[in-house]
Each structure stands twice: as C-alpha cells, then as structure tokens.
Amino acid sequence: MSIETLTSAVRNIPDFPIPGIQFKDITTLFQSPTHLKELTDLLYEQYKDRGITKVVGIESRGFFLGPALAVRLGAGFVPIRKPGKLPYKVIEETYTKEYGNGAIQIHEDALTKNDVVLLHDDLLATGGTMAAAYNLVKKLGVKKIFINFLIELVELKGRKHFPEEVEVSSLLKFNE
Ligand code: AMP
C-alpha cells in the first residue's frame, strides 16, 4: 500500500474544533484493517533495529498506535497524560499547541537511564505538545530518544523545537 493511499484515508474536517483549524481525522485511517496493519508494519520496519525499550505515547491519540507498536517492537508502553489522570508521583510540563494551552505529566519512575525511547503522537502541528513531552522524557535521564508522528503539518515548522541530533520522523505529510 502506498503512502498516498494511507494519506488519502485521513479525513480533513475544516474549522474543527475552532475556526481556522484543518483537523486531520485519523479515525477513517484506523478503521480499515488493511490500513492499520500497513501503518504498524511501516513503523515496525523503521524502528525494529533501534534498540527501543519503551514506546512513550501522548494522550490521547498517541495511545491508538503506541501500544500496538510497543508489542511489535518487544518494548514496554508508557503513557504521558493530562493532569489528574496518573495516580502515582508525576513530573509535569506546560506548553502551547495549535489551539489552546495544556499541561502533561509522566510517572517519575516510568523510565530509567538505560531506556531507549520512541516518543509517539498522532500529529505534529506547532510542536508544543511534543516539545513538552520531549522535556519530560529528558528529565528522566534516558539513554536515547527517537520522535515519531503519524502526520506532520509541514508548514507549521514544528520540527524547529527539537535539537538536530534528535531523529524526528513522520509518515504522512500535509501542507495544511
Ligand atoms: P501541537 O502541540 O501544536 O504540535 O499540536 C499537536 C497535538 O494537537 C496533537 O496531539 C494532535 O492530536 C493535536 N492537533 C493539533 N492540530 C491538529 C490538527 N490540525 N488535526 C488534528 N489534531 C491536531
């Protein structure tokens, strides 16, 4: 299956959740068994030899594929969640995103210095969410961090948030 076929299965919803946003609806991509398998196969092939020990997914759409990918890679799964959801001791980062502000948290004992982390979310817009997640994971002192998105809104230049030595990858690219 081609990248074009996967890309065309993403449904664009204009002006959601607020006017001016072109919302990328991935439910249409995920509901197809063949598309879903292709997505996980492509990500598995990309990361299988990187020594990933933990996939870290960002609430909530990073939870769709994150655990499936972790199973394929033989890695654990760690959630980054919105405040008030994680029950144990947490560390927190605040951020701004394409629409609105937010804060995210991770359990303070979720990762160790030996972990090689694949940070995953559905979409890169301004990059505020992933930059906060990257800072959280860095604070826990892991060995290496890879960053992955299903979708990148290229013109918003969210990549600029991340240091050059960090490999940032996205499967499907949109111009708006
Ligand atoms: P940002 O922090 O601006 O990179 O925003 C990324 C987060 O907001 C991701 O977790 C996305 O789920 C969500 N998001 C931002 N913009 C969009 C969009 N145009 N379509 C779908 N989700 C979006």
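Both ligands and their constituent atoms are indexed starting at 1 by order of listing. Keep in mind that the numbers below use all heavy atoms, side chains included, and drop hydrogens, waters and symmetry copies. Model, not experiment: these values are computed from the prediction.
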Is the closest heavy-atom distance from [X] to ligand 1 below 4.0 Å?
X      : value
Gly127 : yes
Asp122 : yes
Leu153 : yes

Against heavy atoms of Thr129, which atoms of ligand 1 measure under 4.0 Å?
1 (P), 2 (O), 5 (O), 6 (C), 7 (C)

Numbered atoms of ligand 1 (with element) below 4.0 Å of Asp121, judged on heavy atoms:
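Contacts of ligand 1 toward Asp121, numbered from 1: 9 (C), 10 (O).
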
Which heavy atom of Val55 sits nearest to which heavy atom of Gly66, and what is that distance?
CG1-O, 3.7 Å

Contact partition for Gln22 relative to ligand 1, non-hydrogen atoms under 4.0 Å:
backbone

Within the side chain of Thr5, is there an N or O that forms a donor-acceptor pair under 3.5 Å with the backbone of Met1?
no

In a table with atom names and distances, give each donor-acceptor pair under 3.5 Å that connects a side chain of residues 149-156 to protein atoms at least two apart or in another chain.
unit_1: Glu152; atom_1: OE1; unit_2: Arg159; atom_2: NE; d: 3.2
unit_1: Glu152; atom_1: OE1; unit_2: Arg159; atom_2: NH2; d: 3.1
unit_1: Glu152; atom_1: OE1; unit_2: Ser170; atom_2: OG; d: 2.6
unit_1: Glu152; atom_1: OE2; unit_2: Arg159; atom_2: NE; d: 2.8

Can I get a per-line list of side-chain donor-acceptor pairs under 3.5 Å for residues 135-142, giving both atom names and the distance, sequence neighbours left out?
unit_1: Asn135; atom_1: ND2; unit_2: Ala131; atom_2: O; d: 3.4
unit_1: Lys139; atom_1: NZ; unit_2: Glu93; atom_2: OE2; d: 2.7

[X], any N or O under 3.5 Å of ligand 1 N or O:
X      : answer
Thr126 : yes
Lys24  : yes
Ile21  : no

From Glu59, Glu176, Arg61, Glu152 - option closest to atom 22 (N) of ligand 1 by heavy atom
Arg61

Examine Lys24 relative to Phe174 and say whether NZ or CZ is less than 6.0 Å from the centre of the six-membered ring and inside a 45° cone about the ring axis.
yes

Axial cation check for Phe146 ring with Lys144, 6.0 Å and 45° limits:
yes

State whether the number of non-hydrogen atoms from other residues, nucleotides or ligands found under 6.0 Å of Lys89 atom NZ is greater than 12.
no

